[in-house]
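Computed from a predicted model, the values in this text were never measured in an experiment.
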Amino acid sequence: MNGTLQPEALLRFHRRNRAYYDDLNRLHQLLVAPGLRVLEIGCGLGDLLASTQPGHGVGIERDPAIAAAARAAHPNLRIVCAEAATIDPEAIGERDPFDVILLANTLNTLEDVQGVLERLAAFCHDRTRLVVSFHNWLWQPLLKAAEGAGLRQPQPPESWLTPRDVQNLLDLAGWEVLKQGHRCLLPRRIPLLAPLANRWLSQLPLLEQLGLTHWLVARPATPAQRRPSVSVVIPARNEAGNIAAAIARMPLLGSATEVLFVEGHSSDDTWAEIERVCGSYNGPLQLRALRQSGRGKADAVWLGFDQAEGEVLMILDADLTVRPEDLPRFYKALAEGRGEFVNGCRLVYPRSSVAMPPLNTAANRFFAAAFSWLLRQRLKDTLCGTKVIWKADYERLKAGRAYFGDFDPFGDFDLLFGAAKLNLKIVEVPVRYQERSYGSSNIAHVKEGLILARMCLYAAQKLRFTP
């Protein structure tokens, strides 16, 4: 919200503080995928909304002159002159819900923050994301001094909200915070120093808490519950002895359960066994057999996901070290809206040293801590092969895969990074991990450990230390 400033004066302040506004734009480009239906409350001149490249962008601005200037600057956006405290879909002529709602530096000028947050429910579907940004309250003295010196635009009376205040208000209004962070240590364009401070130093522990911009992403706290159909993808290489057991132990999931075996270059008779089991099966499961032309687990998973017909996609490793009997817990977490990406966790219940040697356990804990920091969501076991995602979300993840590129031979991190980029809520289901009863592991520990370390560095550049 911009008080009574005229558009020309507001534009001058934006140009004077271009480094800060450019950084705010880059943050929202990271958090909001292009082509979505985006609503911004308090859009000002519309530059931030335009930077997200919405498929349909609507801005709410209470000042008529500034709203008119925004329309002139961004004719591809729909700018509506209205008060945030009284908006509703009918009044602004928007009956379809929005994928993303933006509140950038707006909360602190609202007279009734909780009331506005509650009103936003009318603009949401159960997958809507709310992106909120506001100034770190530690910067209050400097910002007030800059305002007095004419370096910052004059502000109406402001509520100085801490992150805890905002989280509490969101919780009261029916929103669940998924992730949050700080950025922008130096809101001035100073060659060499500003890029170093804002890209690298601002993301380090302790220093991160000093960033000018605090941001968070939230979702509706009570998403709709469903009973969707399920496709279980089982990548299988040299797993002939586990194929029949996988089907015998497979529970029925949702309204229909499809099982897709994806065989890849086995040296035993895995493919023949898959054909035998699928050909002789006469039960409620829908079985399909696929052979990959490429190599690696990731290639097998993508083939299975592309061919799957279920609304929910699951990965079950053919070694059955994660029990098929545990899959209903994954299904329940997703179908009841507890999470939107469900990851297995093997590090809660006791497990034998044969199933997971001590060195593997230590490596798993290290990478879990690293990726929890990178993804801004807690993970205890990033390397568990059992992962579950809505097919609709996988299609969005696949469409945005160019952001990360073809970097992951396993598939686990392509899914984890993609889920984090889509702002999905990631939850973990503890599983009782057991040693395999047939065959030997296909994992080359040292080689793949080095690959994981490289992926940590890659994720840091794409998700934390962004330009």
Side-chain angles (χ1 to χ4, degrees), residues 1-111 113 116-117 119-120 122-124 128-135 147 151-158 184 187 213 215:
M1 300 296 179
N2 301 295
T4 58
L5 272 183
Q6 293 301 305
E8 296 80 7
L10 184 60
L11 184 59
R12 283 199 302 273
F13 281 112
H14 278 217
R15 287 172 176 168
R16 185 173 296 170
N17 297 285
R18 180 173 296 173
Y20 165 74
Y21 287 106
D22 286 349
D23 187 76
L24 198 64
N25 289 349
R26 287 193 295 271
L27 167 65
H28 285 79
Q29 289 164 2
L30 177 66
L31 297 175
V32 181
L36 301 179
R37 289 179 55 84
V38 182
L39 171 68
E40 183 180 6
I41 309 298
C43 68
L45 296 173
D47 296 340
L48 177 65
L49 178 58
S51 74
T52 65
Q53 302 176 51
H56 178 63
V58 178
I60 305 298
E61 172 54 51
R62 72 179 183 183
D63 187 293
I66 292 177
R71 290 189 200 101
H74 303 286
N76 58 315
L77 303 178
R78 185 165 180 265
I79 308 297
V80 179
C81 188
E83 288 284 349
T86 59
I87 58 168
D88 64 74
E90 292 290 337
I92 67 169
E94 292 288 338
R95 296 187 178 183
D96 294 331
F98 289 88
D99 302 311
V100 180
I101 300 175
L102 308 179
L103 282 165
N105 295 335
T106 298
L107 286 185
N108 58 316
T109 61
L110 296 175
E111 294 181 2
V113 175
V116 170
L117 292 175
R119 296 188 73 86
L120 296 181
F123 297 89
C124 297
T128 296
R129 292 298 179 263
L130 175 64
V131 180
V132 180
S133 58
F134 53 97
H135 292 145
E147 188 177 339
L151 300 176
R152 180 190 181 214
Q153 65 194 61
Q155 299 292 309
E158 295 179 275
C184 196
T213 301
W215 60 269

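The aromatic rings of F98 and H56 sit parallel to each other, their planes meeting at less than 30°, with 60° as the upper class boundary.
No side-chain heavy atom of Q153 sits less than 4.5 Å from a side-chain heavy atom of E147. D23 has its side chain within reach of R26: a pair of non-hydrogen atoms, C-beta onward, lies under 4.5 Å apart. At least one side-chain heavy atom of I92 sits under 4.5 Å from a side-chain heavy atom of F123. Looking at heavy atoms from C-beta onward, L110 lies out of side-chain contact with L117 at the 4.5 angstrom threshold. Side-chain contact between P187 and N17 is absent, with no heavy atoms from C-beta onward closer than 4.5 Å. Within the 4.5 Å cutoff, the side chain of I87 has heavy atoms near those of the I41 side chain. Two residues are said to be in side-chain contact when any heavy atoms from C-beta on lie closer than 4.5 Å; V100 and P54 fail this criterion. Between E111 and P156 there is no side-chain heavy-atom pair separated by less than 4.5 Å.
Screening V38, L27, L49, D99 for a side-chain contact (heavy atoms from CB on, under 4.5 Å) with V32, the sole residue that qualifies is V38.
Every residue two or more places apart in sequence or in another chain that forms a side-chain hydrogen bond (donor to acceptor under 3.5 Å, both in side chains) with N108 is listed here: E158. With sequence neighbours excluded, the residues that form a side-chain hydrogen bond (donor to acceptor under 3.5 Å, both in side chains) with H74 are D47.
A donor-acceptor distance shorter than 3.5 angstrom exists from the side chain of R37 to the backbone of P97, with no hydrogens or angles considered. Side-chain atoms of E94 never come within 3.5 Å of backbone atoms of P89 as a donor-acceptor pair (strictly under, hydrogens ignored).
Remark: R16 qualifies as a cation-pi partner of F13 under the 6.0 Å distance and 45° angle criteria applied to the six-membered ring.
The two atoms that bring L120 and C124 nearest to each other are O-SG, 3.1 Å, heavy atoms only.
In this structure, SG on C81 lies 7.0 Å from CD on E61, to the nearest 0.5 angstrom. Atom CD1 of residue I60 and atom CG of residue L102 lie 11.5 Å apart, to the nearest 0.5 angstrom. The OG1 atom of T52 sits 8.0 Å away from atom CD of Q29, with the distance rounded to the nearest 0.5 Å. Atoms CZ and CG, on R15 and L10 in that order, are 11.0 Å from each other to the nearest 0.5 Å.
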